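Ligands are counted one by one from 1 in listed order, and the atoms in each one are counted from 1 as well. Note that this is a predicted model, so its numbers are computed, not measured.
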Amino acid sequence: MVDLKGQYQQIKEQVDLSVLDVIHSTAFINGPEVHAFQKELEEYLHIKHVIPCANGTDALQIAMMGLELQPGDEVITADFTFAATVEVIALLQLTPVLVDVEPDSFNIDPEAIRKAITPKTKAIVPVHLFGQSANMDDIMAIAKEYNLYVIEDNAQGIGANYKSANGKTAKTGAIGHVASTSFFPSKNLGCYGDGGAIFTNDDDLAHRIRGIVNHGMYKRYHHDVVGVNSRLDSIQAAVLRAKLPNLDTYNNARRTAARKYSKAFEGINHIITPQVQGNSCDSSESVICDTCDCHVFHQYTLRITNGTRDALVQHLNDNAIPCGVYYPIPLHSQKAYVDDRYDEADFPVTNRLVKEVISLPMHTELDNEQIDFITKTVIEFVNGK
Ligand SMILES: *Cc1c(COP(=O)(O)O)cnc(C)c1O
């Protein structure tokens, strides 16, 4: 699904030198590399505060702790996402409220958010799934109307741009009150281990969060709040500093591969290619235009609409083509997150998507030969059915 070795070969010299420098310096924790990376990412995202931490799951949890959400507060998020999003809500004894997504973008449906709001609702967590921004115009408008926080889960969307209807463009993760991201190796900006970060433009929130990540300590050995220990280590920061200048190039390579995939699948029955949505893109619905920078294709995800998705997975496995099903089970059906408040009729889209979606290999090193082989194999199979 990814080619981390091929990507490493391109930047080996710099990564090796930077990592060795950290080892020679022995400044493994909170070294200068961490601070430098923080500043560079703040500049890239045009955001006031980046607070590095240990992983993307921690980042979400710490963002919620920073907002001082209280047990019983309701937090609305998407039914169709990675479990980390809902897990941290539950861990903090907040009440997760899962809602349906849109069939074209796979992202949380603003109308479903609106319907799920109660007097206990305190926050919305949109996930920029597969690398495409959720509908932030509508989500921010709802949040304003009901006085809710917006916490962007940007683990899959780093580098994506979101253009509002008013013409203003911002990076995903710099739109809501606070955002989280992950530097897990296979993410668009991945380190060589675990890593994550929290972003915000709010000075007070940033200050609270800087204490929370460090045992609730604002003055040495004075613990004002219950915190956690969550750090990005210096070696990972050195890797990320080597990769950040390439992030736009990496995301362009992903988009180029996505465009080639979509072109090959154009007009094929029973295959729906990823749709680029919203004001961000001037292109016609199904094509990814040349200038489009609103989708960073963390995943390239097809919908197979004739009931043969599982057979296609098997067929690709038999042909040594990696593929993935993200995600096979709606969160509202997961044992850990079942809740009497849900009605199956509330999740028609997620319930369908879990049976239709398949993600093809997507990374920065895909070449034409690989894409041709993959698309040919998929089309032959789906046409034969
Ligand atoms: C990867 C991911 C996370 C968690 O990140 P980790 O660094 O693995 O903890 C959270 N949310 C989403 C949507 C993700 O894809």
*Under 3.5 Å: donor-acceptor pair, side chain of Glu42, backbone of Val50*: yes
*In the protein, what heavy atom is nearest to atom 15 (O) of ligand 1, and what distance, to one decimal place, separates them?*
Gln156 NE2, 2.8 Å
*Are Val349 and Asp109 close enough that some pair of their side-chain heavy atoms sits under 4.5 Å apart?*
no
*Atoms of ligand 1 less than 4.0 Å from Asn55 heavy atoms?*
7 (O), 9 (O)
*Say whether, by atom type as modelled, one donor and one acceptor occur between the side chain of Glu152 and the main chain of Val150 under 3.5 angstrom.*
no
*asked:* Please report whether ligand 1 has a polar contact with Leu60, defined as an N or O pair separated by less than 3.5 Å (distance criterion only).
replied: no
*asked:* When you compare ligand 1 with Ser182, is there at least one nitrogen or oxygen pair between them that comes in under 3.5 angstrom?
replied: yes
*Can you tell me the protein heavy atom closest to atom 13 (C) of ligand 1 and the distance?*
Asp153 OD2, 3.4 Å
*Looking at Thr81 and Ala78, what are the two nearest heavy atoms and their distance?*
CG2-O, 3.3 Å
*Can you find a non-hydrogen atom of Lys187 under 4.0 Å from ligand 1?*
yes
*ligand 1 versus Thr57, non-hydrogen atoms closer than 4.0 Å: side chain, backbone, both, neither?*
both
*Using a strict 4.0 Å cut-off to heavy atoms of Val127, name the atoms of ligand 1 that fall inside it.*
13 (C)
*From Thr172 atom OG1 to Phe199 atom CZ, the distance as rounded to the nearest 0.5 Å*: 7.5 Å
*Lys/Arg N to Asp/Glu carboxylate O, Glu365 vs Lys5, below 4.0 Å*: no
